[in-house]
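Taking it in order: structure first as structure tokens, then the write-up.
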Amino acid sequence: LLRDLVYASERVGQTSSRRSKITEIAGLLRRLQPDEIDIGVAFLAGETRQGRTGIGYSLIQNARTGAAADPRLELRTVDQTLDAIARSAGRGSVAERTRLLTELFAAATEREQSFLMRLLLGELRQGALEGLMIEAVANAANLPVADVRRAAMIAGGIAAVAGAALTEGLAGLQAFSIALFQPLAPMLAQPADDIDDALARIPEASIEWKLDGARVQVHKAGTEVRVFSRSGNDLTSTAIEIVDAVRALDADTLILDGEAIALKRDGAPYPFQDTMRRFGRVLDIERMRETMPLSVFFFDCLRLN
């Protein structure tokens, strides 16, 4: 039931201990049916399998209704409803989406409604981020964390590999491999509980300035080049400078990981939000290239020929 996940999410949010969070999530994952695993992992990570479904605050407010007295919603039902909402388009779609969401909220208890609202608005603050979910899946499946992390990186996130890890073990993870134009999840820093914990894990530490750019991953096969964001969105049409730079490199196939940033003529960076504007819905891309050109800095080569 959705109730079980909601209660686990609440307990995860109430503790600051990373180990306790992992134990709580792993315990829930072990109880899920195979076809519920991907749904549960996505929800606990504060996401839905459908990604952005176009559900905003006003739609939720119109759909919220009296809460159910007893918990009866299943994870599958929630996921199927979100699928139907995501597919709804064209004339009459707003009314249809409102109807579907109203029925979903009507079947949810008050605590479940609160969870669903925060989940759909991207405001589920419980501390179960990608890195922690990777460790929880490894714990639940009794697998090395490094193997789960590698598969999640290749597949674009832990939700894509959790089912294989929990049902097929190490053999399931080995089926994932790097492929061109299939964006890999970015390798992230490993969080620690506090400064003392962080410094205890490494022999030496240094601090340096960092210019804040936009994480990009670029795939090249012959003359075809595509640029992806850290979340896997295709940025190719708005990052022409990056496409031209990588297309000119002497390599048949490439996967490069780096950051893009808009620099002024004197080399000083534009504010981060200005750099991000380059990847939005730009009406006059040529003018933006003239006034705010992108530079790209690659720090990893993930594939070469």
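Because the structure is a prediction, the values reported are computed rather than measured.
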*Using a strict cut-off of less than 4.0 Å between a Lys/Arg side-chain nitrogen and an Asp/Glu carboxylate oxygen, indicate whether D257 and R215 qualify as a salt bridge.*
yes
*Is a side-chain donor or acceptor of R97 paired with a backbone partner of I85 at a separation under 3.5 angstrom?*
yes
*Where do R111 and Y7 land on the side-chain contact (heavy atoms from CB on, under 4.5 Å) test, with the steps shown first?*
CA-CA 9 Å; R111 289 164 76 174; Y7 290 1; 3.3 Å; yes
*Not counting sequence neighbours, which residues clear side chain to side chain contact (heavy atoms under 4.5 Å, CB included) with A198? List them please.*
A192
_Using only atom types and a distance under 3.5 Å, with no angle test, would you say the side chain of N62 pairs donor to acceptor with the backbone of S58?_
yes
*Are S229 and S231 close enough, and set up right, to give a side chain to side chain donor-acceptor pair (under 3.5 Å), and what steps lead you there?*
CA-CA 5 Å; S229 70; S231 58; 3.1 Å; yes
_For the residue pair R30 / N139, report whether a side-chain donor-acceptor contact shorter than 3.5 Å exists._
yes
*Hey, does the side chain of Q50 reach the backbone of A86 with a donor-acceptor pair shorter than 3.5 angstrom?*
no
*Looking at residues at least two apart in the chain, or sitting in another chain, which of them share a side chain to side chain contact (heavy atoms under 4.5 Å, CB included) with P271?*
Q273, D274
_T81 side-chain N/O to T77 backbone N/O, donor-acceptor pair under 3.5 Å_ = yes
*Does any N or O in the side chain of E112 come within less than 3.5 Å of the main-chain N or O of R72, such that one atom is a donor and the other an acceptor?*
no
*Salt bridge flag under 4.0 Å for residues K21 and E24*: no
*Within a reach of under 6.0 Å around CZ of R201, are more than 12 heavy atoms found that belong to other residues, nucleotides or ligands?*
yes
Which donor-acceptor pairs under 3.5 Å do the side chains of residues 159-184 make with protein atoms, sequence neighbours left out?
{"from": "T167", "atom 1": "OG1", "to": "G163", "atom 2": "O", "distance (Å)": "2.6"}
{"from": "Q182", "atom 1": "NE2", "to": "I154", "atom 2": "O", "distance (Å)": "3.3"}

